[in-house]
> 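Please see the structure below; I have some questions.
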Protein chains: 2
Amino acid sequence: MRDRIFSGTVCGMGTEEPQGLRERKKVATREALAAAALRLAEQHGVAGVRVDDIADAAGVSPRTYNNYFSSREQAIVAALAAERSLRIGAALRARPDGEPLSVAVVEAVVSQYDDGPGADALGLLADAPALHAEYLESISALEAPLAAAVAERGRTLDDETVAVLAAAVAAAARSAAGRWLTGIRAGMAPDPSGLVAVTTPASLADAIRASLTVLSPALAALDRAG
Amino acid sequence: MRDRIFSGTVCGMGTEEPQGLRERKKVATREALAAAALRLAEQHGVAGVRVDDIADAAGVSPRTYNNYFSSREQAIVAALAAERSLRIGAALRARPDGEPLSVAVVEAVVSQYDDGPGADALGLLADAPALHAEYLESISALEAPLAAAVAERGRTLDDETVAVLAAAVAAAARSAAGRWLTGIRAGMAPDPSGLVAVTTPASLADAIRASLTVLSPALAALDRAG
DNA sequence: ACACGAAACTGCGTGCACGCAAATATGCGT
DNA sequence: ACGCATATTTGCGTGCACGCAGTTTCGTGT
């Protein structure tokens with residue numbers, strides 16, 4: 001019990017029952033901590049959130065808080081993003097059998113971000129660089145579960161290829177999200193330096209979809225080879 | 001003077017003269033800190049290195065040490081890897097004009113890793129997960145300078161495409177390096193679980209080159225479009 | 001119901017990252 | 001050489017991440 005506890009790691013968040021009282025309490029504790037962190041951030045700004053207060057609000061010790069999150073930004077992002085990266089496996093498994101990887105992967109990834117951060121969340125992300133970074137890191141977390149799901153689906157692909165593909169896709173998505181957030185922030189407060197790109201996709205999902213088109217040739221090559 | 005001080009950021013490490021006494025002292029301090037960190041790690045193991053001792057050995061205050069590095073792993077990796085990620089710009093600019101991106105990018109990236117970590121470094125990396133992670137992070141640092149260099153070279157490419165490409169290449173290289181290190185470590189101490197891939201490329205450069213072939217179709221598509 | 005083992009929580013101590021402000025060193029103009 | 005501005009270093013205080021070990025809670029078998 002010393003790795004950060006992901007609520008979705010074991011129980012699959014919605015498709016399987018938690019395994020017992022211990023597991024149910026872990027899920028509840030994690031969600032309580034994340035919800036408390038977000039609420040406190042909305043009240044005091046991210047910089048004003050103390051880990052002691054998060055722990056108090058969730059009814060656990062600060063040391064227990066640390067068992068779940070290693071920073072307040074992680075806790076806040078857990079509330080904002082609800083570990084959607086960890087659901088990529090299920091999303092890809094839900095794609096139609098026989099669908100080309102170049103379509104299945106893109107659709108599965110993009111579908112995780114159909115509902116991007118709301119106005120309150122965008123406000124928080126704009127005000128706290130560390131929170132922005134953690135949010136992008138949460139997108140990078142697509143990598144491992146995506147690799148596992150692709151390996152399952154594309155059984156003729158070697159492990160190296162799968163791993164590289166997953167790393168590239170996760171990085172593209174993270175990179176696009178970063179630019180999207182920057183563009184949104186510029187929309188909220190015009191950037192005096194004038195360096196921000198003129199066109200920001202309407203949604204996070206669109207931004208991620210556009211980024212994955214750059215990788216389409218590589219994905220398509222795997223379809224032909226597989 | 002509150003961002004981490006990179007020795008290569010301004011002076012280009014070898015092609016331009018440092019700008020003055022201030023800059024020369026900053027370079028010297030950073031190098032002294034990195035060298036001290038590595039020496040102490042070799043003597044005491046990574047876990048036995050204290051930031052106070054690094055600072056003492058380099059003749060600065062702990063607070064100053066923190067101006068350069070935010071962790072001892074960063075300091076050690078700085079000594080091991082010598083900021084080679086930051087040299088990708090120069091490497092790409094040195095590629096022949098007119099060479100396809102699919103070749104220039106691969107060759108420039110791979111050339112940074114022609115001499116990978118030596119036996120001592122591999123021993124340190126094997127013993128300290130946080131050091132291993134920081135080493136991989138240093139490879140991820142390829143992203144921004146690579147994007148800048150590609151933008152310069154492929155002037156017909158839009159910014160989004162450049163950024164996605166750079167993110168994907170850096171992630172592929174990082175991912176490959178991680179597997180390479182894991183394979184090397186397995187070679188040093190057979191993995192009882194038997195899960196480690198049977199074939200490890202002979203060198204880090206080979207591993208990175210192989211990973212970039214997965215992205216070749218995407219790079220090649222840009223060549224045709226550009 | 002009870003005993004035991006494993007998992008999770010907790011308190012404590014320690015090392016450390018970083019904001020803040022004062023002190024020091026360098027660069028520049030006269 | 002001197003004065004001033006700027007960059008860098010330093011000391012200090014504070015919040016916090018985490019190893020360690022003891023306590024509590026849950027799960028399982030009898």
Side-chain angles (χ1 to χ4, degrees), chain A residues 1-7 9-11 17-33 36-37 40-41 44-76 128-131 133-134, chain B residues 1-7 9-11 17-33 36-37 40-41 44-76 128-131 133-134:
Chain A
M1 224 318 292
R2 275 295 146 79
D3 295 321
R4 309 301 169 199
I5 304 167
F6 289 91
S7 58
T9 302
V10 174
C11 70
E17 287 303 310
Q19 295 172 11
L21 187 57
R22 273 193 170 131
E23 192 62 32
R24 290 203 301 276
K25 291 186 77 171
K26 278 165 60 181
V27 169
T29 298
R30 183 181 176 83
E31 288 175 359
L33 286 166
L40 288 164
H44 305 293
V46 175
V49 179
R50 314 287 296 284
V51 300
D52 281 2
D53 297 337
I54 301 176
D56 280 351
V60 298
S61 74
R63 187 64 187 82
T64 296
Y65 153 86
N66 260 132
N67 290 339
Y68 288 83
F69 301 109
S70 67
S71 71
R72 67 191 170 189
E73 285 78 21
Q74 277 196 3
I76 298 168
L131 189 66
E134 188 60 49
Chain B
M1 221 322 288
R2 276 296 148 80
D3 295 320
R4 310 300 170 200
I5 303 166
F6 290 91
S7 59
T9 301
V10 173
C11 70
E17 289 301 311
Q19 295 172 12
L21 187 57
R22 271 187 172 139
E23 190 62 30
R24 292 202 303 275
K25 292 187 75 169
K26 278 166 57 180
V27 170
T29 298
R30 182 180 176 85
E31 289 176 355
L33 286 166
L40 288 164
H44 304 292
V46 175
V49 179
R50 315 287 297 282
V51 300
D52 280 3
D53 297 337
I54 299 175
D56 279 352
V60 299
S61 75
R63 188 63 187 82
T64 296
Y65 153 86
N66 260 131
N67 291 339
Y68 288 83
F69 300 108
S70 67
S71 71
R72 68 192 169 186
E73 285 77 22
Q74 276 195 3
I76 297 168
L131 190 66
E134 188 60 49

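Computed from a predicted structure; not experimentally measured. Naming convention: chains lettered A, B, ... in sequence-line order (proteins, then strands); numbering from 1 in each chain.
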> How close or far is atom C1' of D:dA21 from atom CG of A:Asn67, stated in whole angstroms?
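That distance rounds to 14 Å.
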
> Any side-chain heavy atom of A:Val27 sitting closer than 4.5 Å to one from A:Arg30?
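They are not in contact (no side-chain heavy atoms under 4.5 Å apart), so the answer is no.
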
> Measure all distances between protein nitrogen or oxygen atoms and nitrogen or oxygen atoms of nucleotides 13-17 of chain C, and list the pairs falling under 3.5 Å.
from   : atom 1 : to      : atom 2 : distance (Å)
C:dG15 : OP1    : B:Arg50 : NH2    : 3.0
C:dG15 : O5'    : B:Arg50 : NH2    : 2.9
C:dC16 : OP1    : B:Val51 : N      : 3.4
C:dA17 : OP1    : B:Ser70 : O      : 3.0
C:dA17 : OP2    : B:Asn66 : ND2    : 3.2
C:dA17 : O5'    : B:Ser70 : O      : 2.9

> Indicate the atoms forming the closest heavy-atom contact of B:Ala55 with B:Leu33, along with that distance.
CA-CD2, 4.2 Å

> So how far is it from A:Ile76 CD1 to A:Ile54 CD1, rounded to the nearest 0.5 Å?
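If I round to the nearest 0.5 Å, the distance is 6.0 Å.
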
> Before giving the answer on side-chain contact (heavy atoms from CB on, under 4.5 Å), spell out for B:Gln74 and B:Tyr68 the whole-Å C-alpha distance, their side-chain angles and the decisive distance to 0.1 Å.
CA-CA 9 Å; B:Gln74 276 195 3; B:Tyr68 288 83; over 6 Å; no

> Hey, could you give me each pair passing side-chain hydrogen bond (donor to acceptor under 3.5 Å, both in side chains) that has a residue in residues 46-60 of chain B? Not counting sequence neighbours.
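Every pair satisfying side-chain hydrogen bond (donor to acceptor under 3.5 Å, both in side chains) with a residue in residues 46-60 of chain B: there are none.
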
> Of the candidate nucleotides C:dC20, D:dT9, C:dT10, which contains the atom at the shortest distance from the side chain of A:Val60?
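So the side chain of A:Val60 is nearest to C:dT10.
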
> Does C:dT10 have its OP1 or OP2 closer than 4.0 Å to a side-chain nitrogen or oxygen of A:Ser61?
yes

> I need the CZ-P distance between A:Arg63 and D:dC20, as an integer number of Å.
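The distance from CZ of A:Arg63 to P of D:dC20 comes to 11 Å, rounded to the nearest Å.
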
> Compare every heavy atom of A:Val46 with every heavy atom of A:Glu73, then report the nearest pair and how far apart it is.
OE2-CG1, 3.8 Å

> Could you run through nucleotides 24-30 of chain C and give me one letter per nucleotide, 5' to 3': B if any protein heavy atom sits under 4.0 Å from the base, S if only the sugar-phosphate is that close, - if neither?
-BBS---

> C:dA7 C1' sits how many Å from A:Arg30 CZ, rounded?
17 Å

> Whole-Å distance between D:dG27 C1' and A:Arg24 CZ?
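After rounding, the reported distance stands at 12 Å.
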
> Rounded to whole angstrom units, what separation is found between the CG atom of A:Leu33 and the P atom of C:dA8?
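A:Leu33 atom CG is separated from C:dA8 atom P by 15 Å.
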
> Output yes when a side-chain donor or acceptor of B:Tyr65 lies under 3.5 Å from a complementary backbone atom of B:Ser71, and no otherwise.
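Looks like yes, one N/O pair under 3.5 Å.
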
